[in-house]
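Report on the following structure.
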Amino acid sequence: MQTPDYTAARLLDDALAGRAVPDLALAAGGSLRMVTDGVFDLLPAQAGASNTDVLLTVGIHGNETAPVEVVMAIIDDLLHGRLTLARRTRVQLGNPDALRSGERYLDYDLNRLFDGRHAAQPDMREAAHARRLEQTATTFFSSSHGARLHLDLHTAIRGSLFEKFAIQPYLHERPTARARLGWLGQAGIEAVLLHSAPAATFSYFTSHRLGVDAYTLELGKARPFGHNDLSRFSGIDRALRALLGGADDGKADFDPALPLFRARYDLVKRSEAFRLNLADSVENFTPLAAGFVIAEDGEERWIAEGGGERILFPNPTVRPGLRAGIVVEPVTLD
Ligand SMILES: O=C(O)CCC(=O)N[C@@H](CCC(=O)O)C(=O)O
Ligand SMILES: [Zn+2]
């Protein structure tokens, strides 16, 4: 095991440069071990003490740096004994290449390559990352004995009427885990989108293929390394410390006042003729008035129907074939 002067900042530098990270002792007990490039296991001192195994993914998009900084600060406190680890935890850096260059992606949006879609894009640099992440998520959870939680931490391109929100992937026949939504509320999450269809995102993969409680979290606006106001991330920081430190198990009473939305449909860009009729300043969750033409692509037009519809993740610059926005509407749990 290495010396205590090894910091999380150095770990991040080494990981982004593709250098090996040595095995490290956590000062208050436990260890940190590099599994493969950009993937780290943090093991509590007492094997078997963990009743919830936690997978934390950051940097799936290379321009979304705040979650990397939040998780590295927690790792630094674990390394130096300011926090004691109670849960078996795996941390994945999603796209180290894109994090180095500060771009959302280099060749292809990584969060559109999961659930096997990487096989259709073998030449894209992100395909190898999707495979690495799927494999290491699978091996991690295959030796779990208790509850299993995956949090994929992101920040968004646009501002948002709900600054922090969660996305629950489509669950097929599984019921919503209300206690997890309760915990997300305690972590400062202000709204939750319930997806209504399969997707090629990482949280859909871990949820659907591995049966894990999985969420994509949008924690604020995407900014470059060094430009994040980490005080705006205090809710998730506190909640992750309580989770990893064993003070809570990631479950809490569901608050029925938490706004919930369901995805009605995706705006899928068909061609370069796609036109989005929303200015860059329009924020996520902005209501759409009935009759408003949201977007057009050749003959196709998407028209708002009212009834509380709102727009999420509008982005006309995506590749043809990919989602250029989601129309959502309020929903309540049965
Ligand atoms: O701000 C944006 O337009 C995108 C932010 C982002 O990366 N969001 C995720 C959401 C994943 C999901 O829908 O489950 C993404 O687009 O990959
Ligand atoms: Zn993202």
Side-chain angles (χ1 to χ4, degrees), residues 56-71 92-95 98-99 102-106 108-115 117-118 126 129-130 133 150-171 184 189 191-209 212-224 228 233 236 261-269 274 276 278-286 294-295 310-319 321-328:
L56 292 178
T57 309
V58 294
I60 284 274
H61 294 124
N63 60 329
E64 299 175 7
T65 62
V68 180
E69 293 182 347
V70 167
V71 169
Q92 297 173 321
L93 287 178
N95 193 341
L99 278 167
E103 305 290 336
R104 183 171 167 87
Y105 58 85
L106 300 184
Y108 201 97
D109 191 329
L110 174 55
N111 218 16
R112 304 293 178 271
L113 287 176
F114 291 99
D115 206 26
R117 304 305 151 79
H118 47 78
E126 278 77 13
H129 292 308
L133 296 168
H150 176 205
L151 300 172
D152 182 15
L153 310 184
H154 290 241
T155 47
I157 299 167
R158 296 185 181 233
S160 179
L161 298 184
F162 299 102
E163 187 187 30
K164 303 170 205 325
F165 56 98
I167 299 165
Q168 173 188 276
Y170 179 50
L171 294 179
L184 290 171
I189 291 298
V192 181
L193 169 69
L194 312 176
H195 265 309
S196 11
T201 60
F202 195 23
S203 61
Y204 176 76
F205 170 80
T206 54
S207 169
H208 183 54
R209 300 291 170 192
V212 168
D213 291 337
Y215 304 90
T216 306
L217 304 191
E218 297 289 348
L219 298 167
K221 207 161 178 328
R223 300 187 199 286
N228 296 302
F233 296 82
I236 188 68
F261 295 88
R262 84 178 255 283
R264 282 208 70 199
Y265 59 88
D266 287 353
L267 299 170
V268 177
K269 176 172 170 176
F274 182 89
L276 179 73
L278 295 165
D280 288 351
S281 57
V282 170
E283 297 193 310
N284 285 324
F285 292 102
T286 294
I294 310 164
R310 298 174 184 231
I311 188 70
L312 188 60
F313 300 140
N315 183 356
T317 69
V318 299
R319 282 171 177 257
L322 294 187
R323 180 181 89 193
I326 314 177
V327 174
V328 306

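When a ligand or atom number is given, it counts from 1 through the structure's own listing order. Remember, it's a predicted structure, so these values are computed and weren't measured experimentally.
- Relative to atom 15 (C) of ligand 1, the option among Arg158, Arg112, Gln168, Lys221 with the closest non-hydrogen atom is Arg112.
- The shortest contact between atom 2 (C) of ligand 1 and any protein heavy atom is with Phe313 CD2, 3.4 Å.
- In this structure, Leu133 and Phe202 approach most closely via the heavy-atom pair O-CZ, 3.5 Å.
- When each of Asp213, Thr216, Thr57 is checked for a side-chain hydrogen bond (donor to acceptor under 3.5 Å, both in side chains) with His150, only Thr57 meets the rule.
- Ligand 1 has no N or O atom lying under 3.5 Å from any N or O atom of Asn315, backbone or side chain.
- Counting atoms of ligand 1 from 1 in the listed order, those under 4.0 Å from a heavy atom of Ala156 are 1 (O).
- Judged purely by atom type and a 3.5 angstrom limit, Thr65 uses its side chain to pair as donor or acceptor with the backbone of Arg223.
- Proximity of Ile167 to ligand 1 is established by a heavy-atom distance of less than 4.0 Å.
- Remark: minimum distance from atom 1 (O) of ligand 1 to any protein heavy atom is reached at Ile157 N, 2.7 Å.
- Side chain of Glu103 to backbone of Gly62: no donor-acceptor contact under 3.5 angstrom is found.
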Trace of the ring pair (Phe, Tyr, Trp, His ring centres under 6.0 Å) decision for Phe261 with Phe285: CA-CA 10 Å; Phe261 295 88; Phe285 292 102; 5.1 Å; yes

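- Each protein N, O or S atom less than 2.8 Å from the Zn ion (ligand 2) was counted, giving 4.
- Checked by atom type and distance alone, the side chain of Arg158 pairs as donor or acceptor with a backbone atom of Pro314 at under 3.5 Å.
- For the pair Thr286 (side chain) and Ile311 (backbone), a donor-acceptor distance under 3.5 Å is absent.
- The nearest non-hydrogen atom to atom 5 (C) of ligand 1, considering only His154, His195, Glu218, comes from Glu218.
- At least one N or O atom of Arg104, backbone or side chain, sits closer than 3.5 Å to an N or O atom of ligand 1.
- When atom types are taken as modelled, the side chain of Glu64 and the backbone of His154 share no donor-acceptor pair closer than 3.5 angstrom.
- By the 3.5 Å distance cut-off applied to N or O atoms, His61 is counted among the residues near ligand 1.
- Glu218 contributes atom CD, which lies 9.0 Å from atom CD1 of Ile157 (distance to the nearest 0.5 angstrom).
- For ligand 1, the atoms closer than 4.0 angstrom to any heavy atom of Thr216 are 14 (O).
- Between the OH atom of Tyr215 and the OG atom of Ser207 there is a distance of 8.0 Å, given to the nearest 0.5 Å.
- Ring geometry, Phe165 versus Phe313: the interplanar angle falls from 30° to 60°, so the pair is classed tilted.
- Nearest to atom 17 (O) of ligand 1 by heavy-atom distance, out of Asn111, Asp152, Thr317, is Asn111.
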